[in-house]
Amino acid sequence: MGFAKASVRDAEVAGRRVLTRVDFNVPLAEGRVEDDMRIRAALPTIELLRERGAATVLVSHLGRPQGVDPALSMKPVGERLAELIGAEVAQSPEVVGGRAAELATGLDDGEVMLLENSRFEPGETGNDPELARRLAELADVYVDDAFGAAHRAHATTEGVAHLLPAYAGLLLEREVNELTGVVSSPRRPLVVVLGGAKISDKIAVIDRFLDLADEILIGGAMCFSFFRAKELATGDSLVEEQGVVLAGQALEKAERAGCELSLPVDLVIGDRLEASAQRRELDGVEVPDGWMGLDIGPRTAAAYGESIADAGTVLWNGPMGAFEIDAFAAGTRTVAEAVANAAGKSVVGGGDSVAALRQFGLAEGVDWLSTGGGASLELLEGKPLPGVEALLDA
Ligand code: ADP
Ligand code: MG
């Protein structure tokens, strides 16, 4: 089953103005781009548009400004983009309006401009039709390459797509193909590794993969909701009240579905969630009072690593512990190494899991690193993404 939306590859763009939604929601530090992974991920589409002689009008959001906020201007992003493409990037001081229109009209074929932060416009998140109309006026064609924002029905991701011929960018297309490939045609065994802070964020993914995966490996703080559901002591570990019920339901479903749902058999515990915490290895999973489970233990990590090594396909979302603190990073590191060295296909989603892989210098070994946290989860849950749905059918 291929991607069902029209691709920018097949769009007539030469000599036309192409409004291109990208995900340039990057971390800034002291007025500079701290990590340009998301900008680099959009380069294939931008280069394709330049080569084909389009006039490219880029738009993205950045952070969560309440109205116009100079600290969240796209300016440093435009400067970094200009360095990466080795060409000038005209910067509009506004999202829509006279100056934006003037700059867009003045673009020559092959040139690139960047609009100001789309969330400076109050109509962006509300998907205001008037804002969508004014955006559409800037261009002849629309391309959506912002996979990381595709789960949001905003004016730049959804509203405007109904007003212009709307195509998928190369990154968005690849993201959807890679992630849906895990669901629709995985090489088996399919092993899904899930961790992270909150079970409520991931329960819909657990539920879906109980029907699809051969094995689900659970780590991170969410395992304590499972342990609580099994009436085991969790000490001061992070447990979501509502999560315990969800975990109990998942355990019951695992029995019926015949999917192996694996939980840790040992833990690393600490007395606080801090770098200065006392650390102990616990051969078992019953956490004493005054302690919290902060990583999976070495026996668990080794067993998870073996399952991952034997997988035909491995999907990983969510760190195994509080990996930002060295004392509690070993489990996440072992899993990250197994994923990076897996002989099978490896796909990783989730901002913190991707950050962990990059922190360990292991990102190169992974077949696909998703740029979309929330969007990748919603796609894996089987939800339609508004930013994708609104595009032209292939
Ligand atoms: P992702 O972004 O990969 O989807 P999440 O956002 O769900 O991952 O979770 C990542 C966070 O979970 C990290 O900040 C990590 O420190 C935290 N975390 C993982 N395990 C634990 C734990 N046992 N106790 C506290 N925090 C944890
Ligand atoms: Mg996260």
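Both ligands and their constituent atoms are indexed starting at 1 by order of listing. Everything numeric in this text was worked out from a predicted model, so none of it was measured.
- The residues R16 and E12 are annotated as not salt-bridged, no charged nitrogen and carboxylate oxygen being separated by less than 4.0 angstrom.
- When hydrogens are left out, the protein atom nearest atom 3 (O) of ligand 1 is S353 OG, 2.5 Å; that is the closest non-hydrogen contact.
- Any N or O atom pair closer than 3.5 Å counts here, and L273 shares no such pair with ligand 1.
- With a 4.0 Å cut-off on non-hydrogen atoms, D352 touches ligand 1 through its backbone as well as its side chain.
- The protein heavy atom nearest to atom 21 (C) of ligand 1 is A221 N, 3.5 Å.
- Atoms of ligand 1 lying under 4.0 Å from at least one heavy atom of L294, given by number and element, are 23 (N), 24 (N).
- Of all heavy-atom pairs spanning G53 and D109, the tightest one is O-CB, 3.3 Å.
- Here K198 pairs with nothing under the salt bridge (Lys or Arg N to Asp or Glu O under 4.0 Å) rule; sequence neighbours left out.
- Not one N or O of G220 is nearer than 3.5 Å to an N or O of ligand 1, by distance alone.
- When the options K198, E324, K202 are ranked by their closest heavy atom to atom 14 (O) of ligand 1, first place goes to E324.
- Atom 18 (N) of ligand 1 has G321 O, 3.8 Å as its closest protein atom, hydrogens excluded (heavy atom only).
- For R280, the CZ atom counts as densely surrounded, since its 6.0 Å shell holds more than 12 non-hydrogen atoms of other residues, nucleotides or ligands.
- Between R358 and D35 a salt bridge is recorded (basic side-chain N to carboxylate O distance below 4.0 Å).
- Counting atoms of ligand 1 from 1 in the listed order, those under 4.0 Å from a heavy atom of G318 are 3 (O), 8 (O).
- In terms of protein heavy atoms, atom 12 (O) of ligand 1 is closest to A197 N, 3.3 Å.
- Of all protein N/O/S atoms, those under 2.8 Å from the Mg ion (ligand 2) are D352 OD2, and waters are not counted.
- Ion pairing between a basic and an acidic side chain is recognised when a charged N comes within 4.0 Å of a carboxylate O; D211 and K253 show such pairing.
- Residue G373 places no heavy atom under 4.0 Å from ligand 1.
- Here E137 does not pair with R134 in a salt bridge; the nearest charged N to carboxylate O distance is not below 4.0 Å.
- Of the protein's non-hydrogen atoms, the one nearest atom 23 (N) of ligand 1 is G293 O, 2.9 Å.
- For N317, every heavy-atom contact with ligand 1 shorter than 4.0 Å involves the side chain, none the backbone.
- Note: T371 OG1 to M37 CE = 6.5 Å, rounded to the nearest 0.5 Å.
- Counting non-hydrogen atoms of neighbouring residues, nucleotides and ligands closer than 6.0 angstrom, the CG atom of D10 exceeds 12 such neighbours.
- Within a 6.0 Å sphere centred on CD of E389, other residues, nucleotides and ligands contribute more than 12 heavy atoms.
- Residue F226 is tested with I218, T234, L246 for a side chain to side chain contact (heavy atoms under 4.5 Å, CB included); the sole match is I218.
- Ranking the protein heavy atoms by distance from atom 25 (C) of ligand 1 puts L238 CD1, 3.6 Å first.
- We find the OG1-CZ distance between T45 and R50 to be 13.5 Å, quoted to the nearest 0.5 Å.
- Residues D23 and R38 are paired through a salt bridge, judged by an N-O separation under 4.0 Å between the basic side chain and the carboxylate.
- Checked against a 3.5 angstrom limit, the closest N/O atoms of P319 and ligand 1 fall outside it.
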